[in-house]
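Reviewing the structure listed below.
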Amino acid sequence: QVQLVESGGGSVQAGGSLRLSCEVSGYTYSSYCMGWFRQAPGKEREGVAALDSDGDANYADSVKGRFTISKDNAKNTLYLQMNSLKPDDTAMYYCVAEGWAGYRMCGLEVWEYNNWGQGTQVTVSS
């Protein structure tokens with residue numbers, strides 16, 4: 001049973017930075033996609049960034065150049081460094097994980113992931 005536990009959310013002013021962490025346990029995939037999704041009130045859940053076990057990342061256009069996804073394999077922890085935050089980034093952020101077939105970039109669609117964390121709230125004020 002994969003367990004994903006997010007932390008690092010909080011409140012920040014526009015232009016500020018936050019780093020989200022996701023501790024991963026119970027994971028048995030040798031090849032994987034791990035990533036971050038977010039959901040703002042009244043909006044659909046959307047993919048933010050994904051990282052495959054080869055180290056290749058995929059980002060939503062809305063966060064390219066501002067967010068960076070990374071993983072510390074020794075700590076089994078996934079990170080999302082968020083810089084130049086905007087009020088539109090306000091949302092609950094979820095960590096996800098799934099096995100990876102390896103023939104294409106990790107996707108950013110909700111249906112592609114079966115393992116989800118409980119989420120951590122990020123609030124950006126103007």
Identified salt bridge (charged side-chain N to carboxylate O under 4.0 Å, His left out) counterpart of Arg66 within the set Asp89, Asp61, Asp88 =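 With Arg66 as partner, salt bridge (charged side-chain N to carboxylate O under 4.0 Å, His left out) holds for just one option, Asp89.
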Do Lys71 and Tyr32 come within less than 4.5 Å of each other through their side chains, counting heavy atoms only?
->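 In contact.
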Do Gln3 and Asn115 have side-chain heavy atoms sitting under 4.5 Å apart?
->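 In short, these two side chains do not touch, never coming nearer than 4.5 Å.
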Under 6.0 Å from the CD atom of Glu23, do we count more than 12 heavy atoms belonging to anything else shown?
->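 Counting neighbours around CD of Glu23, 12 or fewer heavy atoms of other residues, nucleotides or ligands fall under 6.0 Å, so no.
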Does atom CD of Gln121 have more than 12 heavy-atom neighbours from other groups under 6.0 Å away?
->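 Atom CD in Gln121 is crowded, with more than 12 foreign heavy atoms closer than 6.0 Å.
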Sequence-distant partners of Ser17, side chain to side chain donor-acceptor pair (under 3.5 Å), two or more places apart =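 Applying side chain to side chain donor-acceptor pair (under 3.5 Å) to Ser17 gives Asn83.
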Quick check on the hydrophobic clustering: are [X] and [Y] connected, directly or via other members, by side-chain heavy-atom contacts under 4.5 Å?
{"X": "Val63", "Y": "Ile69", "value": "yes"}
{"X": "Tyr79", "Y": "Phe67", "value": "no"}
{"X": "Val12", "Y": "Leu20", "value": "yes"}

Starting from the C-alpha separation in whole Å, work towards a yes-or-no answer on side-chain contact (heavy atoms from CB on, under 4.5 Å) for Ser62 and Arg38.
-> CA-CA 12 Å; Ser62 59; Arg38 67 186 181 186; 3.5 Å; yes
Distance-only, no hydrogens or angles: does the Asp52 side chain make a donor-acceptor pair with backbone N or O of Asp54 under 3.5 Å?
->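 Yes.
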Ignoring hydrogens, what is the shortest heavy-atom contact between [X] and [Y]? Give both atom names and the distance.
{"X": "Leu80", "Y": "Ala49", "value": "CD1-CB, 4.2 Å"}
{"X": "Ala14", "Y": "Pro87", "value": "CB-CD, 4.1 Å"}
{"X": "Cys33", "Y": "Tyr27", "value": "N-OH, 4.3 Å"}

In Å, rounded to the nearest 0.5 Å, how long is the span from [atom1] of [X] to [atom2] of [Y]?
{"X": "Gln13", "Y": "Ser126", "atom1": "CD", "atom2": "OG", "answer": "9.0 Å"}
{"X": "Cys106", "Y": "Glu112", "atom1": "SG", "atom2": "CD", "answer": "8.5 Å"}
{"X": "Leu4", "Y": "Asn76", "atom1": "CG", "atom2": "CG", "answer": "11.0 Å"}
{"X": "Glu6", "Y": "Cys22", "atom1": "CD", "atom2": "SG", "answer": "5.5 Å"}

With clusters built from Ile, Leu, Val, Met, Phe, Trp and Tyr whose side-chain heavy atoms come within less than 4.5 Å, directly or transitively, what are the remaining members of the cluster of Trp100, listed by chain and number?
->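 Taking Ile, Leu, Val, Met, Phe, Trp and Tyr as members, Trp100 stands alone, with no cluster partners.
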For Leu108 and Tyr59, run side-chain contact (heavy atoms from CB on, under 4.5 Å): C-alpha distance rounded to whole Å, both residues' side-chain angles, the deciding distance at 0.1 Å, then the answer.
-> CA-CA 8 Å; Leu108 295 175; Tyr59 295 96; 5.8 Å; no
From the options Tyr94, Tyr113, Tyr93, select the one residue that forms a ring-ring contact (aromatic ring centres under 6.0 Å, His included) with Phe37.
->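 Single pass found, and it is Tyr113.
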Please test Val96 against Glu98 for side-chain contact (heavy atoms from CB on, under 4.5 Å), starting from the C-alpha separation and ending with a verdict.
-> CA-CA 7 Å; Val96 297; Glu98 192 54 69; over 6 Å; no
Going through the distances and angles, do Trp36 and Cys95 end up as a side-chain contact (heavy atoms from CB on, under 4.5 Å)?
-> CA-CA 5 Å; Trp36 295 92; Cys95 178; 4.1 Å; yes
